[in-house]
Amino acid sequence: MESIQRKKETKPRGHKLIDYSKFHAKIVPDYMEDELYVKGHTVIWSQGLVNNTDGLDNGRKTLCCYTSPFPVHQALWCTYYCERPTFDTNLLDMVKSDEPSGTPVEAVCISDSHNIRVYTPKGEDYAISVPFSISKLWNTKYGIFIEKEDDGAASKVFLTDDLVGCWYLCYMLNSRCQLSVVKIDFSNPASINFGILTSISAKDAIPIPHLHMLAILEHNGNITLYSGLTVVGKLHIGGTLAQHTPSPFVRRSMHNNYSPFPRFNTDVRVNEARKMLQSSKPVPIILTQRPDVSDHDFIEEQEKHLYGICIRTMALPVGRGMFTLRTATPVITEPLPAPPLCLTGKVPPRGTTVDLNHIDTPANMSLWPLFHNGVANGLRITPDAHNIDNTWIIFNKTKTGADPQMEHAGFLLALGLNGHLKNLALNSTFNYLEKLHEMTSVGILLGLMYLGTGNKAVADWMAPPETQYLLDFVRPDFLMLRILSRSLILWADIEPCKKWVEGQVPSTIRPYCMVKPCHSLDIDYEAMNQAYCNIVAGACFAMGLKFAGTANQEAFEALLYFCHMFTSLTAKSIAELAGKSTIETCLNVLILSAAMVMAGTGNLGNNATGSALAKKGGQLKQSSRGGRYTLSNSPASVAALICAFYPKFPTHSNDNR
């Protein structure tokens, strides 16, 4: 489709507005005309000089170019009013006005079949998805008017029941490629009650009465079995059982003791497991106040009891992620809500709320559990779910909760692991990374979106600071993470040699590392040496991942060199510049990295001193399955190795961080 829209009124430089519809001759020599040109996925906003009676353009200049992931149907200018008028509700005589109130904001609106994108001259952009097909947009003085396209009549209508005796009205809309399902209640003989409409993306659907199920043909050729609105299994189109995913939400009261999961047809273990993993409700705090305990001490006792339960609650997302893995197919017009992590309690029978306000708790203790909660929520999505586009991913960015950024960062990581993050547009990726939120950046980059792409523009975001002043703004241990992320992007540039590792250290830092301090210089030697250790450890970790299981002798010798270097530092006073804990942590990373390279070979050269966990882990990998197995360096394996061996080592046997 190709179209052109021109503004009827434009603003000449230094002159009044002119009505182009009445323009017949050259009135103003520098009259400028704006034009929106639409073709395919592209919209071009240009401006030209009209200087003759034929209305021809002269010297047309492109002001902006917009690209849409879907074919553009229409582009137009519009003025929005972004502030609502304020008024006193106590006034009886309200003066009504037909004119819009608020601050006018000019914008360009671009629409496709189901989305509207708005761009302002200040660079702001907004995306709105609508649950119907868009026929046309109309510009009004209050904003835009959306004309809905006639989607046509239903091609198929039928009734079906589920395993617990509930009935549903289903009708197929081929123009939308979706099945609409409405629950029907026949329990009242005098009336029929209808529930909420639910839409399921489908090419076709048929009821299976004798099984009390519904078969839906998906766009990828698979057939999904539903009991009402619950997914109970998935079949290959040819009829061979390819995947059977039990749903955790099947009701326990099934007619005639029938169950689609014959393995668990005599008990309710699935439903009980679901109840054990729920984290959205306050936990009951049932304690009895002894006569010799004051009210203040009893409150602390209640909160200590709550804190013990919260430790369990914060671990639930990991189990829930496995329990609900790939069980959900999201609706494109709705976000995928994550079950909240509720860290409060209720005292029965009055329901008094108990919070962690009077006892000491670890700072930011809920940040990582929130990240895991986001990962668990994202892993619910099936890999073959379609319509997971850029707009829907951003649509799931919640603004509520204790730390919504951490939860959304985990959600992005899960999307990458399921292969959906590739649909995130480049400008949206830039918007995420420019906020410099560490876990969001990790979620995107470790979602393996840029693994091995060699994208230097993105990799430069992860480059270490070049000056001492900039080093003060980055935690030293985060430098290891940034170097690792940068190396994953520039995967092909990793070389199995000492020179490549040392090349990751900025030249402005290297002269002040592992040398005797010169007190006449204004140099923060501690910051410089901590940065050096973490950068080297991050580069070695990346080398270990790149050559995992390959027994590459050059990579092993390079890693062994740094193992010996850090081992020798532990006994020297110069180690105090970086801190012995920093050197020990980095040494553990080096041991694990060397062990990854030689996994399964039984090589005995990696006997450097380190923590017991790292050393035993290295020995375990070197003799994996009696030397018969080794490690893989495929993208999925790299992600698993990072999760398993990223250096957050326990300090004692009860440390499960």
Side-chain angles (χ1 to χ4, degrees), residues 1-13 17-21 23 31-50 55-82 103-149 176 332-333 387-395 397 422-432 434 457:
M1 183 186 73
E2 182 174 340
S3 64
I4 296 177
Q5 182 183 11
R6 293 185 173 93
K7 279 189 177 181
K8 290 186 177 181
E9 293 185 348
T10 58
K11 183 179 292 186
R13 290 169 290 184
L17 294 177
I18 295 177
D19 187 352
Y20 180 66
S21 62
F23 176 63
Y31 176 82
M32 302 298 292
E33 177 197 54
D34 291 281
E35 175 184 280
L36 288 177
Y37 172 79
V38 178
K39 185 174 183 181
H41 295 251
T42 305
V43 177
I44 298 176
W45 178 10
S46 63
Q47 193 176 72
L49 183 66
V50 179
L56 298 177
D57 299 335
N58 182 21
R60 182 160 294 278
K61 177 182 178 182
T62 299
L63 299 182
C64 197
C65 180
Y66 308 97
T67 303
S68 170
F70 304 103
V72 177
H73 287 185
Q74 186 182 359
L76 73 161
W77 286 280
C78 182
T79 301
Y80 292 91
Y81 293 85
C82 300
T103 304
V105 177
E106 293 186 347
V108 174
C109 295
I110 300 174
S111 69
D112 53 59
S113 59
H114 287 83
N115 303 280
I116 301 174
R117 291 172 172 80
V118 180
Y119 302 89
T120 69
K122 294 183 179 180
E124 302 170 323
D125 61 276
Y126 307 91
I128 306 103
S129 296
V130 294
F132 52 81
S133 298
I134 302 172
S135 175
K136 193 172 183 180
L137 301 181
W138 302 87
N139 187 358
T140 72
K141 65 180 180 181
Y142 299 104
I144 59 172
F145 179 81
I146 305 175
E147 181 180 345
K148 182 179 177 182
E149 188 175 30
R176 298 186 187 180
I332 193 62
T333 57
N387 289 337
I388 305 297
D389 59 5
N390 178 73
T391 302
W392 187 83
I393 295 174
I394 299 175
F395 184 44
K397 190 191 300 182
K422 62 180 180 294
N423 300 325
L424 188 66
L426 185 60
N427 61 333
S428 299
T429 304
F430 176 81
N431 291 337
Y432 276 120
E434 72 170 346

Restricting to side chain to side chain contact (heavy atoms under 4.5 Å, CB included), what partner residues turn up for P121, sequence neighbours left out? none
Can you label the angle between the W45 ring and the W77 ring as parallel, tilted or perpendicular, going by 30° and 60°? perpendicular
Mind checking whether I394 and N431 have side chains closer than 4.5 Å, heavy atoms only? no
Provide the closest heavy-atom pair for H73 versus I134 in the form atom of the first, atom of the second, distance. ND1-O, 4.1 Å
Partners of F70 by side chain to side chain contact (heavy atoms under 4.5 Å, CB included), sequence neighbours excluded? S68, D112, N115, R117, D389
Of all residues at least two apart in sequence or in a different chain, which pass the side-chain hydrogen bond (donor to acceptor under 3.5 Å, both in side chains) check with S428? N390
Applying side chain to side chain contact (heavy atoms under 4.5 Å, CB included) to N139 and not counting sequence neighbours gives L76, C78
Check side-chain hydrogen bond (donor to acceptor under 3.5 Å, both in side chains) between Y80 and all other residues, then give those that pass, not counting sequence neighbours. none
Got a sec, which residues hit side chain to side chain contact (heavy atoms under 4.5 Å, CB included) with T42, two or more places apart in sequence or on another chain? I44, C65
The test is side chain to side chain contact (heavy atoms under 4.5 Å, CB included); show your working for L424 and Y432 and say whether it passes. CA-CA 11 Å; L424 188 66; Y432 276 120; 3.9 Å; yes
Please tell me if the side chains of V118 and I144 come closer than 4.5 Å, counting only heavy atoms from C-beta onward. no
Testing S135, S111, C109 one by one against Q74 for a side-chain contact (heavy atoms from CB on, under 4.5 Å), which residue passes? S111
